[in-house]
Chemist: 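Sharing a structure with you now.
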Amino acid sequence: MSVHISANKGDIAKVVLQPGDPLRAQYIAENFLENVRLVSKTRNIFYFTGEYKGKTVSVGASGMGCPSIGIYSYELYTEYDVDTIIRIGTCGAYSTDLKLYDVLNVENAASESTYAKYAWEIEGDILPHQGKIFDLINDTAQSLDIVTKKTNIHTSDIFYRKTPGTPAVAEKYNCSAVEMEAFALFANAQYLGKNAATILTVSDIIPTREEISADQRERALKPMIELALETAIKL
Ligand code: HPA
């Protein structure tokens, strides 16, 4: 047991898929894994462990934002000996260069967040994915014919803001899209010497306000989920 996860040691696999939403974690467990067990439900942040094509995999939520993923990923890495976390989430595109349903493999996360600096004394406003999992995702995507774009993204603490447009840090690093967690995940993994990647599906195009509707979301996220699981079994 850790402070925020009630699973027993050994109940969580070495590789964890981490969506933001606990119900998405449940959907993945119920529809993609076999022999599934619910191993933690503290704060309704569900963690499940099961098998995908014979490989033991866990799936559990990060919650929203750097503080939340900072807590869950830290406890997974340090209290449950997790080696690899693959965040699977949605993002908003900053321009019409991206389309709804595009799948992104995050190369670097740029952020105004002070998380890395104040947690680990890691300076700078951009952090790379950690370890070899990013390359493995690219190779797996190619073999599955899932078109995946390698890109920098913006990890923002802000969802609603006064002035629309692309914030300075996103312009500075040519970030194609925005989400709210990758920077803190990469910071924890870097400090702890672990593996971390983030795969995102474009769920909205910010300038045109197009978005994937709630009932399209499950189907929309399937390629990303399969990509993460097919990568996980190679670890
Ligand atoms: N902003 C931040 N995070 C997001 C967005 C967004 O527009 N869309 C999906 N995740």
Side-chain angles (χ1 to χ4, degrees), residues 17-28 45 59-73 85-116 125-127 129 137 146-188 196-225 227-228:
L17 265 60
Q18 204 170 39
D21 177 359
L23 293 177
R24 182 124 307 126
Q26 184 173 11
Y27 168 79
I28 295 166
I45 294 283
V59 56
S62 67
M64 286 188 282
C66 285
S68 188
I69 199 168
I71 289 169
Y72 289 104
S73 62
I85 296 176
I86 306 174
R87 161 165 157 68
I88 44 176
T90 56
C91 63
Y94 277 132
S95 83
T96 51
D97 293 347
L98 291 179
K99 306 291 173 219
L100 292 179
Y101 307 105
D102 279 356
V103 177
L104 313 180
N105 188 9
V106 175
E107 199 149 20
N108 300 282
S111 190
E112 308 89 339
S113 166
T114 56
Y115 182 89
D125 51 9
I126 185 158
L127 286 173
H129 69 88
I137 290 166
I146 298 173
V147 177
T148 306
K149 296 184 177 169
K150 292 164 246 174
T151 184
N152 291 352
I153 56 91
H154 176 207
T155 297
S156 181
D157 286 341
I158 297 162
F159 191 86
Y160 301 106
R161 63 175 71 237
K162 184 174 173 185
T163 313
T166 308
V169 76
E171 290 278 8
K172 180 176 169 190
Y173 294 109
N174 202 18
C175 297
S176 60
V178 57
E179 53 84 75
M180 305 184 82
E181 292 83 17
F183 184 79
L185 173 63
F186 294 171
N188 281 356
T198 294
I199 312 174
L200 302 170
T201 300
V202 176
S203 62
D204 45 284
I205 310 289
I206 293 170
T208 60
R209 300 187 174 194
E210 273 175 280
E211 61 178 18
I212 299 178
S213 66
D215 55 327
Q216 288 168 327
R217 252 166 220 252
E218 258 174 28
R219 189 180 54 81
L221 302 183
K222 213 171 160 214
M224 173 173 69
I225 294 165
L227 176 55

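Remember, it's 1-based here, ligands and their atoms both numbered in the order they're listed. Keep in mind the model is a prediction, meaning the values are calculated, not measured.
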Chemist: Locate the shortest heavy-atom distance separating Asp97 from Lys149; write the atom from each residue and the value.
Modeler: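 The pair with the smallest heavy-atom distance is O-NZ, 4.2 Å.
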Chemist: I'd like to know if the side chain of Glu181 and the backbone of Cys66 have a donor-acceptor N/O pair within less than 3.5 Å.
Modeler: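 Side chain of Glu181 to backbone of Cys66: no pair is present.
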Chemist: Once you round to the nearest 0.5 Å, how far does CG of Asp157 lie from OG of Ser111?
Modeler: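 Nearest 0.5 Å value for the CG-OG distance: 5.5 Å.
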Chemist: Which protein heavy atom lies closest to atom 5 (C) of ligand 1, and at what distance to 0.1 Å?
Modeler: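 Protein heavy atom with the smallest distance to atom 5 (C) of ligand 1: Gly92 N, 3.6 Å.
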Chemist: Tell me the closest heavy-atom pair linking His154 and Tyr94, and the distance in Å.
Modeler: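 Closest approach of His154 to Tyr94: ND1-OH, 2.7 Å.
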Chemist: Is the shortest distance from a heavy atom of Ser156 to ligand 1 less than 4.0 Å?
Modeler: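 No, Ser156 has no heavy atom closer than 4.0 Å to ligand 1.
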Chemist: Checking the side chain of Asn188 only, and the main-chain atoms of Gly70 only, is there a donor and an acceptor separated by less than 3.5 Å?
Modeler: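 Side chain of Asn188 to backbone of Gly70, a donor-acceptor pair under 3.5 Å: yes, one is there.
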Chemist: Counting only heavy atoms closer than 4.0 Å, does ligand 1 sit against the backbone of Cys91, its side chain, both, or neither?
Modeler: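 Backbone only; the side chain of Cys91 stays clear of ligand 1.
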Chemist: At what distance is the nearest protein heavy atom to atom 10 (N) of ligand 1, and which residue and atom is it?
Modeler: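 Scanning the protein heavy atoms, the shortest distance from atom 10 (N) of ligand 1 goes to Thr90 O, 3.4 Å.
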Chemist: Nearest protein heavy atom to atom 4 (C) of ligand 1, by residue and atom, and its distance?
Modeler: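 That would be Val178 O, 3.6 Å.
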Chemist: For atom 6 (C) of ligand 1, what is the nearest protein heavy atom, given as residue, atom name and distance?
Modeler: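 Protein heavy atom with the smallest distance to atom 6 (C) of ligand 1: Phe159 CE1, 3.7 Å.
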Chemist: Does Asp204, backbone or side chain, put an N or O under 3.5 Å from an N or O of ligand 1?
Modeler: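 N/O-N/O distance under 3.5 Å: yes.
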Chemist: Compute the shortest N/O to N/O distance between Ile206 and ligand 1 and return yes if it is under 3.5 Å, no if not.
Modeler: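 So ligand 1 has no N or O lying under 3.5 Å from an N or O of Ile206.
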Chemist: To the nearest 0.5 Å, tell me how far Met224 CE sits from Ile28 CD1.
Modeler: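 If I round to the nearest 0.5 Å, the distance is 7.5 Å.
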